[in-house]
Participant: 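One structure coming up, written as structure tokens, with questions to follow.
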Amino acid sequence: MGNSIGIDSHGSEDAKVVSSVEHSVRSRFFTPPPQFDGCFTTFYHMSLDVEDGGTVQDYLQPEWGNIRFFAGTRPSAQIGDSRLSGARFNATGPSSRPCQFEVGTARMWGIGFLPLGWARFIDKDAYDMANLICDGAVHPVFAKFDCLADILCDPEIDYEDQLAAIVDAMGRLMRSNRDEPKITRIHAALVSGEHIAVGELADVCGMSIRTLERVCHRYFGFTPKLLMRRQRFMRSLTSFMLHRGARWTEAMDGEYHDQSQFTREFTQFMTMTPSKYASLDHPILSSFMEARARVWGSAAQTLDQPVRDGDAESV
């Protein structure tokens with residue numbers, strides 16, 4: 001079934017936040033079985049406990065598509081103009097904007113779809129689902145995954161049974177796609193960070209620019225140029241998040257010409273300046289990214305390789 005690891009963290013809201021709330025976060029990451037290689041970022045479970053019925057707020061960085069199932073408090077979330085509140089099954093398309101959310105004590109299962117996973121499981125162009133958050137139970141694209149909700153939203157069912165249900169459902173729903181070799185080549189080239197021009201990316205992937213754009217539109221959700229920019233931004237953001245106390249100039253990717261360019265792109269992707277983001281407390285994301293980097297080898301979904309070299313080890 002794959003190995004897992006759990007990481008605990010504890011913290012409180014920054015003193016500048018009006019209502020300081022003690023909380024604890026525990027994250028567990030499960031390696032999908034080999035038949036799903038390249039499809040998922042990970043199967044992951046998070047336990048959040050917030051004292052006295054309080055809530056915490058945070059911002060998710062741009063990601064690939066996800067489905068998330070909640071037991072306990074159900075979140076309120078927003079990506080751009082797309083909003084959702086009170087749903088136990090939250091689904092999102094690939095994003096180039098932050099997901100702002102608020103949630104209290106909860107247990108959550110998450111499944112992140114890499115572009116190959118989108119090709120095998122989602123019957124809709126990723127471009128048409130970009131920056132969308134919705135109630136997966138009623139959305140025509142995601143409703144087929146609602147078969148998991150009763151199991152994953154029941155805190156009385158143990159991890160192994162819940163994980164087995166995920167594997168069984170995904171095994172039944174998966175089907176092959178003729179564009180898989182192209183998807184994997186593009187994904188690997190994007191994650192490498194070695195290419196800064198669309199024409200160069202197309203050449204490395206062995207396809208025309210038109211084909212590159214078609215595949216990115218269908219399975220990645222954005223144009224090749226924006227995807228390369230998102231990768232550069234995410235390398236910078238994760239470096240900052242993993243090195244607490246670092247300055248943005250230390251975390252900034254070397255591809256940026258100067259700090260002004262970085263600030264403009266940061267503001268585009270996170271809808272706030274770097275200084276504003278740094279001033280906020282990140283009660284969930286900080287600990288989650290640190291745990292993910294330690295266990296999974298990358299702190300964020302967008303930095304995951306299209307195919308993993310090995311499993312996470314239990315500790």
Participant: With sequence neighbours excluded, tell me which residues meet ring pair (Phe, Tyr, Trp, His ring centres under 6.0 Å) with Phe70.
Facilitator: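 None.
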Participant: So which atom in Ile151 and which in Ala165 form the shortest heavy-atom distance, rounded to 0.1 Å?
Facilitator: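 Heavy atoms only, the tightest pair is CD1-CB, 3.7 Å.
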Participant: Any Lys/Arg nitrogen of Asp49 or Arg26 sitting under 4.0 Å from an Asp/Glu carboxylate oxygen of the other?
Facilitator: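 Looking at Asp49 and Arg26, the cut-off is not met.
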Participant: Please test Glu102 against Ser76 for side-chain hydrogen bond (donor to acceptor under 3.5 Å, both in side chains), starting from the C-alpha separation and ending with a verdict.
Facilitator: CA-CA 5 Å; Glu102 180 175 0; Ser76 297; 5.8 Å; no
Participant: Taking the six-membered ring for Trp, is the centroid-to-centroid distance between Phe40 and Phe121 below 6.0 Å?
Facilitator: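 Between Phe40 and Phe121, the centre distance is under 6.0 Å.
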Participant: Looking at residues at least two apart in the chain, or sitting in another chain, which of them share a side-chain hydrogen bond (donor to acceptor under 3.5 Å, both in side chains) with Ser239?
Facilitator: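 Per chain and number, Ser239 pairs via side-chain hydrogen bond (donor to acceptor under 3.5 Å, both in side chains) with no residue.
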Participant: Please confirm whether the ring centroid of Phe222 lies under 6.0 Å from the ring centroid of Tyr127.
Facilitator: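 Centroid distance Phe222-Tyr127: not below 6.0 Å, so no.
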Participant: For the ring pair Tyr277 and His282, is the centre-to-centre distance below 6.0 Å?
Facilitator: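 Ring-ring flag for Tyr277/His282: true, centres closer than 6.0 Å.
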Participant: Salt-bridged, Arg88 to Asp150, with N to O below 4.0 Å?
Facilitator: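 So Arg88 pairs with Asp150 through a salt bridge.
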Participant: So, Trp248 side chain and Pro274 main chain: donor-acceptor pair closer than 3.5 Å or not?
Facilitator: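 Judged by distance alone, yes, a pair lies under 3.5 Å.
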Participant: Quick one: do Glu160 and Arg28 satisfy salt bridge (charged side-chain N to carboxylate O under 4.0 Å, His left out)? Show the steps, please.
Facilitator: CA-CA 12 Å; Glu160 287 302 317; Arg28 299 178 64 90; over 6 Å; no
Participant: Determine, for Arg232 against Glu194, whether the closest basic-nitrogen to carboxylate-oxygen distance falls under 4.0 angstrom.
Facilitator: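 No, this pair does not count.
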Participant: Have Arg97 and Tyr59 got a donor and an acceptor in their side chains that come within less than 3.5 Å?
Facilitator: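 Note: Arg97 and Tyr59 side chains miss the donor-acceptor criterion.
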Participant: Can you list the steps and then say if Phe145 with Phe89 is a ring-ring contact (aromatic ring centres under 6.0 Å, His included)?
Facilitator: CA-CA 9 Å; Phe145 301 110; Phe89 174 13; 7.1 Å; no
Participant: Apply the ring pair (Phe, Tyr, Trp, His ring centres under 6.0 Å) test between Trp109 and each candidate in Phe30, Phe69, Phe29; give the one that qualifies.
Facilitator: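 So, applying the ring pair (Phe, Tyr, Trp, His ring centres under 6.0 Å) to Trp109 and each of Phe30, Phe69, Phe29, only Phe30 qualifies.
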Participant: Please check if the side chain of Asp125 supplies one atom and the backbone of Asp128 the other of a donor-acceptor pair under 3.5 Å.
Facilitator: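 Absent.
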Participant: Give a yes or no on whether a salt bridge exists between Arg247 and Glu250, defined as a side-chain N under 4.0 angstrom from a carboxylate O.
Facilitator: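 Between Glu250 and Arg247 there is a salt bridge, with a charged N closer than 4.0 Å to a carboxylate O.
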